[in-house]
Amino acid sequence: MERTIGNLGEEVQQPSNPFANLSQRGVRRSQVNAMKAMVPGLDTDNDTLPHGAIDLGEGYVLLRAKDERAQTTTGAHGLVIRSYLEQILGGSAPDWNPRIVRWARLRLPNGQIARSAWKESLRAHRKVRMARNVKIAFDNGTLQYGEVQYFFRAFIQAGSLPKSLALVSLYSPPDAELLRRSNNTIWACRYQGMDSLHVIDVRSILSVVAMVPMPHHPVPNTRFVVEKLGLDVADLGGFGSEEGSDLE
């Protein structure tokens, strides 16, 4: 409060009528702040990243929390990550367990924050934002949905920058009959859990979506897709994506 009063005082340019001038400067400041809150793209002054974040370029930013040190991946996670790296690097190392540093969140070019099951599963259900389901565009042009387990980085080529990746559990293709009857509106996909783990490039993630349980569907664990608004539009209604704390 004291800083705001001091800043406004410095803007007073009419010594003959200082209080009216001060009041007008306060109104102008409030109007500008309101516009920036409704349309974040107007705020070109706020380019700083949160502490510990990594700018990946093209609007993608890795955000904490993250592991303090590299963790050995075992089980289904370790098998899928090892298979991906073997395919990229060539060769086979069946006894090798990759060591990675997990990241909890990824800011997307549209302003949304994609989260991860790694951190969200540690919280009580009522306190979880459920922002770990994402829309993915593959190189062949197909779209699919997945649940992010966590994000990580890996060195693919010597001397190059690390590649930013995500371990995701892909949902099944949509119910074809329901998709046809709804004129391609209702995407009802089955959650496949650990049976459909894949490693993807984070830049293939397009947006955060909601996967809502599908009532009365004959196939268990079926959920339908609800697209979420991007940050610029969502803020107009007061539902902007939070960049809050997942640092524990």
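The chain is numbered in sequence order, starting from 1.
The main-chain N or O of Ala70 is never found under 3.5 Å from a side-chain atom of Asp67 such that the two would form a donor-acceptor pair. In this structure, the side chain of Ser196 does not engage the main chain of Gln192 through any donor-acceptor pair within 3.5 Å. Side-chain N or O atoms of Thr74 include none that pairs as donor or acceptor with a backbone N or O of Gly78 at under 3.5 Å. With hydrogens and angles ignored, the 3.5 Å screen pairs no side-chain donor or acceptor of Thr142 with any backbone N or O of Phe138. Side chain of Glu120 to backbone of Met130: a donor-acceptor contact under 3.5 angstrom is found. Judged by distance alone, with hydrogens and angles left aside, the side-chain atoms of Arg132 form no donor-acceptor pair with the main-chain N or O of Val148 at under 3.5 Å. Put simply, the side chain of Tyr171 never gets that close to the backbone of Thr222: no donor and acceptor are under 3.5 Å apart. At least one donor-acceptor pair closer than 3.5 Å links the side chain of Thr73 to the backbone N or O of Pro98. Side-chain atoms of Ser23 do not come within 3.5 Å of backbone N or O of Phe19 as any donor-acceptor pair. Between the side chain of Ser204 and the main chain of Ile200, no donor-acceptor pair closer than 3.5 Å is present.
Under the 4.5 Å side-chain heavy-atom criterion for grouping Ile, Leu, Val, Met, Phe, Trp and Tyr, Phe152 is connected to Ile88 within one hydrophobic cluster. By the criterion of side-chain heavy atoms lying less than 4.5 angstrom apart, applied directly or through intervening Ile, Leu, Val, Met, Phe, Trp or Tyr residues, Tyr60 is grouped together with Val208 in one hydrophobic cluster. By the criterion of side-chain heavy atoms lying less than 4.5 angstrom apart, applied directly or through intervening Ile, Leu, Val, Met, Phe, Trp or Tyr residues, Val202 is grouped together with Val101 in one hydrophobic cluster. Transitive grouping of hydrophobic side chains (ILVMFWY, heavy atoms separated by less than 4.5 Å) keeps Leu143 and Ile186 in distinct clusters. In terms of hydrophobic clustering, with Ile, Leu, Val, Met, Phe, Trp and Tyr side chains grouped at heavy-atom distances under 4.5 Å, Phe155 and Trp96 are assigned to different clusters.
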Legend entry - Step-by-step side-chain contact (heavy atoms from CB on, under 4.5 Å) determination, His77 to Leu167: CA-CA 8 Å; His77 287 192; Leu167 180 67; 3.5 Å; yes

Inset, instruction - Output, in order, the C-alpha distance, side-chain angles, deciding distance and verdict of side-chain contact (heavy atoms from CB on, under 4.5 Å) for Arg107 and Leu49. - result: CA-CA 11 Å; Arg107 190 167 74 195; Leu49 295 177; 3.4 Å; yes

Inset, instruction - Report the C-alpha distance between Tyr145 and Trp187 in whole Å, list the side-chain angles of each, state the deciding distance to 0.1 Å, and finish with yes or no for ring-ring contact (aromatic ring centres under 6.0 Å, His included). - result: CA-CA 10 Å; Tyr145 298 93; Trp187 285 61; 5.7 Å; yes

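With a 4.5 Å cut-off on side-chain heavy atoms, Lys135 and Glu227 count as touching. Residues Val199 and Val80 form a side-chain contact, since some pair of their non-hydrogen atoms from C-beta on lies under 4.5 Å apart. Counting heavy atoms from C-beta outward, Arg153 and Leu56 have side chains that approach closer than 4.5 Å. Counting heavy atoms from C-beta on, the side chains of Met211 and Val225 come closer than 4.5 Å. No side-chain heavy atom of Ile113 sits under 4.5 Å from any side-chain heavy atom of Leu106. Between Met214 and Asp175, every side-chain heavy-atom pair lies at or beyond the 4.5 Å cut-off. Inter-residue side-chain proximity for Glu58 and Arg203 is flagged as met; some heavy-atom pair is nearer than 4.5 Å. At a threshold of 4.5 Å between non-hydrogen side-chain atoms, the residues Ser207 and Asn110 count as touching.
Side chains of Asn183 and Thr185: a donor-acceptor N/O pair is absent below 3.5 angstrom, by distance only. Side-chain atoms of Thr72 and Arg99 form a donor-acceptor pair, as typed in the model, at a separation below 3.5 Å.
Remark: Arg180 pairs with Glu177 by the salt bridge (charged side-chain N to carboxylate O under 4.0 Å, His left out) rule, at least two apart or across chains. Residues meeting the side chain to side chain donor-acceptor pair (under 3.5 Å) test with Ser92, sequence neighbours left out: none. Taking the salt bridge (charged side-chain N to carboxylate O under 4.0 Å, His left out) definition, one finds that Asp55 meets it with nothing, sequence neighbours left out.
Partner of Phe151 under the side-chain contact (heavy atoms from CB on, under 4.5 Å) criterion, out of Leu63, Leu165, Ile205: Ile205 alone.
Minimum interatomic distance between Leu122 and Trp118 (heavy atoms only, all atoms of both residues): CG-O, 3.5 Å.
Note that Arg223 lies in the cation-pi zone of Tyr191, set by a 6.0 Å cut-off to the ring centre and a 45° limit from the axis.
If you look at Tyr150 and Trp103, their ring centroids are not closer than 6.0 Å.
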